[in-house]
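Notes for the one structure printed next.
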Amino acid sequence: MAVKLHPDWLAPLQREFDADYMVRLREFLVAEKAAGKRIFPRGADWFRALDLTPLSQVRVVILGQDPYHGAGQAHGLCFSVQPGVRIPPSLANIYKELHSDLGIVPARHGFLEHWAKQGVLLLNNVLTVEMGLAASHKGRGWERFTDAVVAQVNALPDPVVFMLWGSHAQKKAASVDPRHLVLKSVHPSPLSAHGGFFGCRHFSQANAFLKAHGRGEIDWALPDI
């Protein structure tokens, strides 16, 4: 398994990388590739969220479910797609809420690395997927690993904002300490966004909380590529 992540995470997560479940997960992924199956994202990007956002600099956590399963989409950050790829419906709805909440004009791309580099941990629950098969790597061990990531963030001395969109994300961070700000809504998917995501104002609430705790605001406006 290609482990490429910021050194900040290595010591806190070493036990996970050495655990039996991670050995089994590695064997599963190697076998899938050997069988000719296409796995997304590419190996170098499996831990991209942890590479771009050091543990000590996490200010906001956004939790997704699993990577996009279309060719050329996933690159290791939840809700984000590579430059030049059509903006997915859920991300388009996130942009609509950003515009309503903060007046930010929707970006013409879906590349969210600008957020990640500011301390927004864009973490999926499961970090790999087979092409064309959503949730195909569910239950293989990634959930335990990302539980450990959330636990490390929860233990940080400085308060963090958790944006939990949908039941999967809310279950994932059910034990987050109350000193952090936990913002909950339905998922931004077109199937549910009108049931409470639109109008949730999570972005302004996050910035107000961070500013009040001396952590600075996130620049949610994405630069052109």
Side-chain angles (χ1 to χ4, degrees), residues 1-14 16-17 22 29 39-69 72-85 87-88 90-91 94-95 98 104 107-129 137 142-143 145-165 169 172-173 176 180 188 202-203 206-207 210 215-225:
M1 184 181 296
V3 178
K4 184 178 185 296
L5 70 167
H6 193 279
D8 226 16
W9 292 98
L10 284 175
L13 295 176
Q14 192 60 56
E16 306 305 316
F17 284 115
M22 190 61 84
L29 292 167
I39 307 299
F40 299 139
R42 59 178 186 155
D45 286 337
W46 289 350
F47 303 99
R48 185 64 171 160
L50 304 182
D51 195 30
L52 287 179
T53 310
L55 175 59
S56 60
Q57 295 178 25
V58 175
R59 293 189 285 164
V60 177
V61 178
I62 298 177
L63 296 174
Q65 294 182 32
D66 65 343
Y68 296 119
H69 53 81
Q73 292 181 301
H75 64 107
L77 306 180
C78 73
F79 294 106
S80 182
V81 290
Q82 307 223 45
V85 175
I87 297 171
S90 291
L91 183 55
I94 291 170
Y95 287 172
L98 257 177
I104 294 174
R108 293 177 291 181
H109 60 84
F111 191 59
L112 305 182
E113 285 199 357
H114 178 65
W115 294 356
K117 291 175 180 178
Q118 297 179 74
V120 180
L121 182 62
L122 297 166
L123 182 70
N124 275 314
N125 187 34
V126 174
L127 301 187
T128 58
V129 71
H137 292 179
W142 281 126
E143 295 91 341
F145 177 81
T146 51
D147 279 347
V149 172
V150 171
Q152 290 296 329
V153 175
N154 185 47
L156 289 172
D158 293 319
V160 171
V161 180
F162 286 80
M163 293 183 177
L164 307 180
W165 301 333
K172 185 76 173 176
V176 167
H180 301 299
H202 282 184
F203 300 99
N207 274 356
L210 292 171
R215 305 214 64 196
E217 297 180 332
I218 303 295
D219 174 19
W220 296 105
L222 295 167
D224 287 334
I225 296 176

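Small disclaimer: the values here were computed from a predicted structure and weren't measured.
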> What pairs with A151 under side chain to side chain contact (heavy atoms under 4.5 Å, CB included), at least two apart in sequence or on another chain?
Replying inline: none

> Would a 4.5 Å heavy-atom cut-off, applied to side chains only, mark L123 and V150 as touching?
Replying inline: yes

>> Test of understanding: with ring-ring contact (aromatic ring centres under 6.0 Å, His included), list the residues that count as partners of Y95, not counting sequence neighbours.
In response: none

> For S80, which residues count as a side-chain hydrogen bond (donor to acceptor under 3.5 Å, both in side chains) partner, sequence neighbours excluded?
Replying inline: H75

>> Would you compute the distance between atom CD of Q152 and atom CG of L13 and round it to the nearest 0.5 angstrom?
In response: 6.0 Å

> Taking only residues two or more places apart in sequence, or in another chain, which ones meet D219 in a side chain to side chain contact (heavy atoms under 4.5 Å, CB included)?
Replying inline: H114, Q118, A221

>> Going by salt bridge (Lys or Arg N to Asp or Glu O under 4.0 Å), name the residues that satisfy it together with D147, two or more places apart in sequence or in a different chain.
In response: K172

> For D66, which residues count as a side-chain hydrogen bond (donor to acceptor under 3.5 Å, both in side chains) partner, sequence neighbours excluded?
Replying inline: none

>> Once rounded to the nearest 0.5 Å, what's the spacing between atom CE of M163 and atom CD1 of I94?
In response: 9.5 Å

> Which of these, L156, L50, D158, sits in a side-chain contact (heavy atoms from CB on, under 4.5 Å) with V58?
Replying inline: L156

>> Determine whether N207 and W220 satisfy the following criterion, side chain to side chain contact (heavy atoms under 4.5 Å, CB included), listing intermediate values before the conclusion.
In response: CA-CA 10 Å; N207 274 356; W220 296 105; 3.5 Å; yes

> Is there side-chain contact between I39 and H137, with at least one heavy-atom pair below 4.5 Å?
Replying inline: yes

>> Going by ring-ring contact (aromatic ring centres under 6.0 Å, His included), name the residues that satisfy it together with H69, two or more places apart in sequence or in a different chain.
In response: none

>> Checking Y68 now: which residues fulfil ring-ring contact (aromatic ring centres under 6.0 Å, His included) with it, not counting sequence neighbours?
In response: none

> Passes side chain to side chain contact (heavy atoms under 4.5 Å, CB included), L29 versus W142? Steps please.
Replying inline: CA-CA 11 Å; L29 292 167; W142 281 126; 3.9 Å; yes

> Does the side chain of N124 reach to within under 4.5 Å of the side chain of T146, using non-hydrogen atoms?
Replying inline: no

> Q82: what forms a side-chain hydrogen bond (donor to acceptor under 3.5 Å, both in side chains) with it, not counting sequence neighbours?
Replying inline: none

>> Using 30° and 60° as the class boundaries, would you call the ring planes of F47 and F145 parallel, tilted or perpendicular?
In response: perpendicular

> Between the side chain of D8 and the main-chain N/O of L55, is any donor-acceptor distance below 3.5 Å?
Replying inline: yes

>> I'd like to know if the side chain of N125 and the backbone of E143 have a donor-acceptor N/O pair within less than 3.5 Å.
In response: no

> Under 4.5 Å between any side-chain heavy atoms of F79 and P188, yes or no?
Replying inline: yes

>> Rounded at 0.5 Å granularity, tell me how far CG in L5 sits from CG in L10.
In response: 4.5 Å

>> Quick check against the 3.5 Å criterion: does W165 have a side-chain atom that pairs as donor or acceptor with the backbone of L63?
In response: no

>> Suppose we screen for side chain to side chain contact (heavy atoms under 4.5 Å, CB included). Which residues come up paired with P41, at least two apart in sequence or across chains?
In response: D45, W46, P67, A74

>> Would L91 and L112 count as a side chain to side chain contact (heavy atoms under 4.5 Å, CB included) here? Give the steps.
In response: CA-CA 10 Å; L91 183 55; L112 305 182; 4.1 Å; yes

>> Run the side chain to side chain contact (heavy atoms under 4.5 Å, CB included) test on I87 and V81 for me, step by step, so that the C-alpha distance in whole Å, both residues' side-chain angles and the decisive distance to 0.1 Å come before the verdict.
In response: CA-CA 7 Å; I87 297 171; V81 290; 5.6 Å; no

> Between CZ of R59 and OG1 of T53, what distance do you get to the nearest 0.5 Å?
Replying inline: 10.5 Å

>> How long is the straight-line distance from CG of L210 back to CZ of R215, given to the nearest 0.5 Å?
In response: 7.0 Å

>> Let me confirm one number: the CG-SG distance from L121 to C78, rounded to the nearest 0.5 Å.
In response: 8.0 Å

>> Under the rule for side chain to side chain contact (heavy atoms under 4.5 Å, CB included), what residues qualify as partners of L52, not counting sequence neighbours?
In response: R48, L77, E113, A116, K117

> Does W9 have any ring-ring contact (aromatic ring centres under 6.0 Å, His included) partners at least two apart in sequence or in another chain, and if so, which?
Replying inline: none

